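To start, the structure itself, in structure tokens.
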Amino acid sequence: YVRVYAYAPSTNAPTAPTGLTVSPGNAKAYLSWDASTSGATGYNVKRSTVSGGSYTTIASPTANSYTDTGVASCSTYYYVVSATNSFGESTNSSETTVSLGAYALAVNCGGSAAGPFLADAYVSGGSASSSGSIVDTSAVTAPAPQAVYQSERHGVCTYTFTNLTSGLNYKVRLHFAENYWTAVGQRIFNVSINGKQVLTNYDIIAAAGAANKANIQEFTTVPTSTNTIVVSYSNATPTKDQPKASGIEILIPQPAAPAGLMASAGNSQVALSWNPLAGASYNVKRALSSGGPYNSALDGLTSTNWTDPGLTNGTTYYYVVSAAIAGCESTNSVPISATPACSVPPAPTAGNNGPLWSGMTLNLMASTVPGVTYSWTGPNGFTSTNQNPSIVSALTSASGLFSVTAATGGCTSAPGTTTVTVNPPASVTIQAVAGNVILSWPGGTLQTATDLSGPWGDVAGAISPRTNPVAAPQEFYRLRLQ
């Protein structure tokens with residue numbers, strides 16, 4: 001017998017594409033992804049300038065690749081792709097991002113201008129030629145126009161690109177296609193950049209996999225001390241035909257986001273620092289909530305540290321920093337936050353050398369608080385910034401409350417206080433009682449001399465009141481107050 005089966009086609013939308021990759025070009029982004037195995041008949045390419053969307057559909061190709069020409073240099077983009085068929089649309093693929101750098105220059109070796117590639121220039125040595133062969137560019141990312149691969153400069157030659165920026169990393173893209181020989185080993189040569197050999201015994205067909213197939217070799221280099229990049233093509237040993245070049249691109253990649261961002265909060269300020277990037281200036285951005293939006297706090301900073309002043313203590317601030325090279329800005333750094341606050345020093349302990357008598361020197365004393373400045377206030381408008389100030393010949397009007405504060409980083413302690421007593425001028429009182437002389441004094445040290453002009457000496461063990469017999473020798477007395 002015969003068994004007959006009926007085929008029931010799928011009535012489901014396709015699954016989300018996988019394997020999405022995006023590569024940067026000159027104001028272009030090159031996308032590719034795995035071909036659908038779930039019945040897709042087309043795709044939707046979606047783009048955003050913010051990670052996570054929202055995404056805008058920019059194209060609906062039927063192939064599993066797309067070149068986005070609606071992008072700008074020095075920008076970052078985020079892509080997803082969905083698959084479609086007559087039953088609907090899949091979910092989005094995983095997101096992939098691309099950062100486009102700045103375009104420096106490009107030359108069509110041995111040929112005329114083609115797209116962004118200038119006519120052959122900056123070169124010495126070698127000879128120009130061309131071919132009408134169609135070159136397969138499917139295996140390379142961001143290929144040059146066909147005309148670049150169909151022309152060449154062959155023979156030993158040197159390209160010297162001038163007026164570049166010292167200290168800046170450039171990406172050098174060397175374009176090749178073998179449109180004369182047909183087998184591996186028929187052309188082998190070397191290539192150097194700024195005197196460093198970057199390709200040794202290079203065989204275009206071996207690298208590309210076939211004749212008339214494009215191959216691109218990429219390198220990162222810094223200009224010489226004369227601000228040049230020198231690309232030299234030379235014979236290998238042993239010699240196998242002549243070296244050849246199809247095109248050269250020199251690009252400025254988008255700079256990396258600054259790393260190592262750190263924040264230190266102070267009184268009404270936040271001090272920021274980060275790691276340097278060669279040739280970069282920096283843009284500092286601030287927000288009041290985690291994740292932004294971030295607004296410019298300072299642009300065009302050339303140092304790798306900055307203090308943000310005039311902030312509100314107790315408020316948390318969020319910061320990111322971006323780098324800019326040759327007008328090309330990086331993505332933002334990893335964010336960091338800080339909360340300004342006043343770190344109040346302890347109150348100093350205040351004291352004085354009283355009680356005193358008018359005319360004595362008043363010494364005020366504050367305990368040591370490391371790293372602070374002091375501020376004293378007192379009667380009669382007294383002020384001082386010394387830790388231990390003095391008032392020479394203090395009068396009774398200096399009596400009263402003195403206070404001192406300690407300050408650091410704009411933060412001031414509570415005051416320490418001390419009460420000063422300055423008595424009226426001290427004197428020795430002499431009374432005759434029962435045939436004796438009674439000496440009394442309010443304070444200080446009693447001194448005696450046999451002559452008014454001295455010499456004067458302290459009276460050992462003298463305590464007020466002191467009794468002198470009338471028969472004692474005549475002497476002069478005074479008080480030493482300090």
Side-chain angles (χ1 to χ4, degrees), residues 21 23 25-26 28 30 32 34-35 63-67 106-159 161 171-193 196-219 221 229-251:
T21 62
S23 299
N26 176 27
K28 295 179 182 178
Y30 297 86
S32 64
D34 298 334
N64 61 319
S65 63
Y66 177 71
T67 300
V107 295
N108 180 10
C109 301
S112 56
F117 285 74
L118 304 175
D120 200 14
Y122 303 98
V123 65
S124 62
S127 302
S129 63
S130 61
S131 167
S133 300
I134 300 300
V135 174
D136 177 6
T137 60
S138 62
V140 296
T141 298
Q146 274 287 321
V148 172
Y149 298 110
Q150 291 171 333
S151 62
E152 68 176 57
R153 177 163 291 275
H154 57 267
V156 174
C157 59
T158 298
Y159 283 84
F161 300 98
K171 178 185 287 187
V172 178
R173 306 183 82 223
L174 306 179
H175 295 260
F176 301 97
E178 182 56 73
N179 44 29
Y180 182 81
W181 297 111
T182 58
V184 171
Q186 293 178 298
R187 186 194 304 273
I188 297 175
F189 58 96
N190 301 328
V191 181
S192 297
I193 299 178
K196 179 182 178 181
Q197 192 159 294
V198 294
L199 293 175
T200 302
N201 295 330
Y202 175 66
D203 186 321
I204 299 173
I205 293 179
N212 295 316
K213 189 171 184 178
N215 181 249
I216 301 174
Q217 299 288 326
E218 294 187 352
F219 305 93
T221 192
I229 290 179
V230 180
V231 183
S232 301
Y233 299 80
S234 60
N235 291 321
T237 303
T239 299
K240 292 291 184 72
D241 198 27
Q242 302 180 81
K244 67 163 287 184
S246 295
I248 303 174
E249 283 181 286
I250 297 182
L251 307 176

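Note that the structure is a prediction, hence the values are computed from the model and not measured.
Aromatic rings of Tyr159 and Tyr122 (six-membered ring for Trp) have centroids beyond the 6.0 Å cut-off, not under it. Ring centers of Phe117 and His175: under 6.0 Å apart, within the cut-off.
The minimum heavy-atom distance between Ala208 and Ala214, with the atom names listed, is CB-O, 4.0 Å. In plain terms, the two heavy atoms of Lys244 and Ala177 that are nearest each other are NZ-O, 2.6 Å. Heavy-atom minimum distance, Tyr149 versus Ala144: OH-N, 3.1 Å. In plain terms, the two heavy atoms of Cys157 and Gly126 that are nearest each other are CB-N, 4.0 Å. For the pair Asp34 and Asn64, the tightest heavy-atom approach, listed with the atom from each and the gap, is C-ND2, 4.0 Å. Nearest heavy atom pair, residue Thr141 against residue Arg173, reads O-NH2, 2.6 Å.
Using modelled atom types, no side-chain atom of Gln146 and backbone atom of Val148 make a donor-acceptor pair closer than 3.5 Å. A donor-acceptor distance shorter than 3.5 angstrom exists from the side chain of Asn190 to the backbone of Asn201, with no hydrogens or angles considered.
In this structure, a donor-acceptor pair under 3.5 Å is present between the side chains of Ser32 and Thr21.
Residues Ile134 and Asn212 are not in side-chain contact: their nearest non-hydrogen atoms beyond the backbone lie 4.5 Å or more apart. Between Val198 and Gln217, every side-chain heavy-atom pair lies at or beyond the 4.5 Å cut-off. Residues Gln150 and Ser130 form no side-chain contact, since every pair of their non-hydrogen atoms from C-beta on lies 4.5 Å or further apart.
Here CD1 of Ile205 is found 9.5 Å from CH2 of Trp181. Values are rounded to the nearest 0.5 Å. Within the model, atoms OG1 of Thr221 and CD1 of Ile250 stand 9.0 Å from one another, a figure rounded to the nearest 0.5 Å. Interatomic distance, Lys196 NZ to Ser232 OG, rounded to the nearest 0.5 Å: 14.5 Å. Note: Asp120 CG to Ile248 CD1 = 8.5 Å, rounded to the nearest 0.5 Å. Note that the CG atom of Asn235 and the CZ atom of Arg187 stand 10.5 Å from one another [nearest 0.5 Å]. Atoms CG and CG, from Asn215 and Asp136 in turn, are 11.5 Å apart once rounded to the nearest 0.5 Å.
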> Does the pair Glu152 and Asn179 meet the rule for a side chain to side chain contact (heavy atoms under 4.5 Å, CB included), with working shown?
Replying inline: CA-CA 9 Å; Glu152 68 176 57; Asn179 44 29; 3.4 Å; yes
>> Pair Phe189, Asp241 - check side chain to side chain contact (heavy atoms under 4.5 Å, CB included), show working.
In response: CA-CA 8 Å; Phe189 58 96; Asp241 198 27; over 6 Å; no
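Between Phe176 and Tyr202, the ring-plane angle classifies as tilted under the 30° and 60° cut-offs.
A 6.0 Å sphere centred on CZ of Phe219 holds more than 12 heavy atoms belonging to other residues, nucleotides or ligands.
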